[in-house]
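Structure first, commentary second.
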Amino acid sequence: MNRAIGSKTNLWDFSIPEVAEFRSYIDDIWESDMVRKLNNFEQHHKTSRLQHCLSVSYYSFKIAKKIGADPRMAARAGLLHDLYWYDWHTKKTPQFHAVFHARLAARNASKLIDISEREEDAILKHMWPLYPGMPKYKESYAVTLADKYAATLEVATQWSKTLGSASARTAKRSYTRVRAAFRR
């Protein structure tokens, strides 16, 4: 687990200035037992929740830098946005998991670190539009977008493994046609 899903950047290569900056924001919480336990749970199609949270954290950091949000807050909120320890794929999943887990993650994050109002909003509203209330801050939008992006990559990666390279080529051709249509 040395990369975000879909990224070629090695997140353990501190010789890359962007990686050094990103890791300086998350390393204190990355090493905690609470966060490491996420590796025991599947998130999306054979991706561990820890891998998912790392991906969301990295993409939140990158999006935040692009949109003028605080990259530190976005990276930390991204890492903590799914900080809960149950398997949501089972029948024992709490009712309204899409809303419930965000509240639980925010509560667990506040036990781990002193989270800011912006970080809490990003964690609570990462499931927007399913979660009631719109995100208030740019960091919240960064985490929300990064979560959707990472989940999409996780599912698409598994589909291409399951369906084979022929389906990946078909998907790429379809994407190219759609992109060309929008250029006209």
Side-chain angles (χ1 to χ4, degrees), residues 1 3-7 9 11 16-39 41 43-44 47-86 88 93-156:
M1 186 179 336
R3 301 182 197 296
I5 301 282
S7 172
T9 304
L11 297 179
I16 304 169
E18 182 180 67
V19 169
E21 179 186 2
F22 169 68
R23 291 295 302 272
S24 74
Y25 297 152
I26 66 159
D27 272 356
D28 61 325
I29 53 180
W30 175 254
E31 296 301 328
S32 78
D33 289 340
M34 289 176 76
V35 170
R36 296 313 223 147
K37 278 195 275 185
L38 296 175
N39 206 35
F41 299 92
Q43 189 67 6
H44 302 116
T47 301
S48 78
R49 188 165 307 138
L50 183 60
Q51 174 66 64
H52 171 73
C53 288
L54 177 65
S55 297
V56 172
S57 179
Y58 180 65
Y59 291 125
S60 295
F61 163 79
K62 300 221 7 130
I63 292 168
K65 289 182 84 154
K66 292 277 187 196
I67 65 173
D70 184 316
R72 181 180 188 274
M73 286 186 193
R76 293 169 74 80
L79 186 58
L80 299 172
H81 83 284
D82 278 339
L83 190 62
Y84 62 92
W85 305 280
Y86 63 83
W88 62 271
T93 299
Q95 268 190 317
F96 308 112
H97 164 76
V99 174
F100 173 77
H101 85 273
R103 289 183 184 154
L104 183 58
R107 189 176 322 129
N108 290 334
S110 69
K111 290 176 186 175
L112 180 62
I113 62 168
D114 184 23
I115 61 173
S116 69
E117 182 181 330
R118 289 175 183 258
E119 290 165 328
E120 181 180 40
D121 190 71
I123 293 167
L124 284 173
K125 302 202 178 141
H126 79 271
M127 289 299 292
W128 181 79
L130 296 176
Y131 190 88
M134 290 185 64
K136 290 184 191 176
Y137 306 105
K138 288 181 179 180
E139 294 80 8
S140 303
Y141 283 102
V143 173
T144 299
L145 291 171
D147 183 47
K148 302 327 179 232
Y149 181 66
T152 300
L153 288 173
E154 291 159 14
V155 171

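Source: prediction; values computed, not measured.
- Tyr137 meets the side chain to side chain donor-acceptor pair (under 3.5 Å) test with Glu117; sequence neighbours excluded.
- Here NZ of Lys111 is found 14.0 Å from CD1 of Ile113. Values are rounded to the nearest 0.5 Å.
- Lys136 contributes no side-chain N or O that, together with a main-chain N or O of Asp121, makes up a donor-acceptor pair within less than 3.5 Å.
- Thr144 and Lys125 make their closest contact through OG1-O, 3.2 Å (heavy atoms, listed as atom of the first residue, atom of the second, distance).
- Between the side chain of Glu139 and the backbone N or O of Ala75 there is no donor-acceptor pair closer than 3.5 Å.
- Under the rule for a side chain to side chain donor-acceptor pair (under 3.5 Å), the partners of Ser116 that lie at least two apart in sequence or sit in another chain are Glu119.
- When atom types are taken as modelled, the side chain of Ser57 and the backbone of Cys53 share no donor-acceptor pair closer than 3.5 angstrom.
- Listed for the Ser60 side chain is no donor-acceptor partner under 3.5 Å among the backbone atoms of Ala146.
- Put simply, CG on Leu104 and CZ on Arg107 are 5.5 Å apart, with the number rounded to the nearest 0.5 Å.
- A donor-acceptor contact shorter than 3.5 Å is absent between the side chain of Tyr84 and the backbone of Arg103.
- Atom OH of Tyr149 and atom CD1 of Ile63 lie 9.0 Å apart (nearest 0.5 Å).
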* Asked: What's the verdict on side chain to side chain contact (heavy atoms under 4.5 Å, CB included) for Leu153 and Ser55, showing C-alpha distance, side-chain angles and the deciding distance?
  -> CA-CA 10 Å; Leu153 288 173; Ser55 297; over 6 Å; no
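- The shortest heavy-atom contact between Leu83 and Leu38 is CD1-CD1, 3.9 Å.
- Here the shortest heavy-atom pairing between Leu80 and Ala109 reads CD1-CB, 3.9 Å.
- We find the CE-NZ distance between Met127 and Lys148 to be 5.5 Å, quoted to the nearest 0.5 Å.
- Residues Glu18 and Lys62 are in side-chain contact: their nearest non-hydrogen atoms beyond the backbone lie under 4.5 Å apart.
- Residue Asp27 qualifies as enclosed at atom CG: its count of foreign heavy atoms under 6.0 Å is above 12.
- Ring geometry for Phe61 against Phe22 counts as tilted: the plane angle lies between 30° and 60°, on a 0 to 90° scale.
- With rounding to the nearest 0.5 angstrom, the CE atom of Met34 is 10.5 Å from the CD1 atom of Ile29.
- For the atom pair OH (Tyr59) and CD1 (Ile5), the distance works out to 8.0 Å, reported to the nearest 0.5 Å.
- Listed by first then second residue, pairs satisfying side chain to side chain donor-acceptor pair (under 3.5 Å) with a partner in residues 64-73 read Glu21-Lys65, not counting sequence neighbours.
- Heavy atoms only, all atoms of each residue included: Arg3 and Leu11 are closest at C-CD1, 4.2 Å.
- Residues His101 and His81 approach most closely at CD2-O, 4.4 Å, considering heavy atoms.
- Checking side-chain atoms of Ser110 against main-chain N and O of Ile115 turns up no donor-acceptor pair under 3.5 Å.
- Heavy-atom minimum distance, Val35 versus Trp30: CG1-O, 4.1 Å.
- The side-chain heavy atoms of Arg76 and Asp28, taken from C-beta on, include a pair separated by under 4.5 Å.
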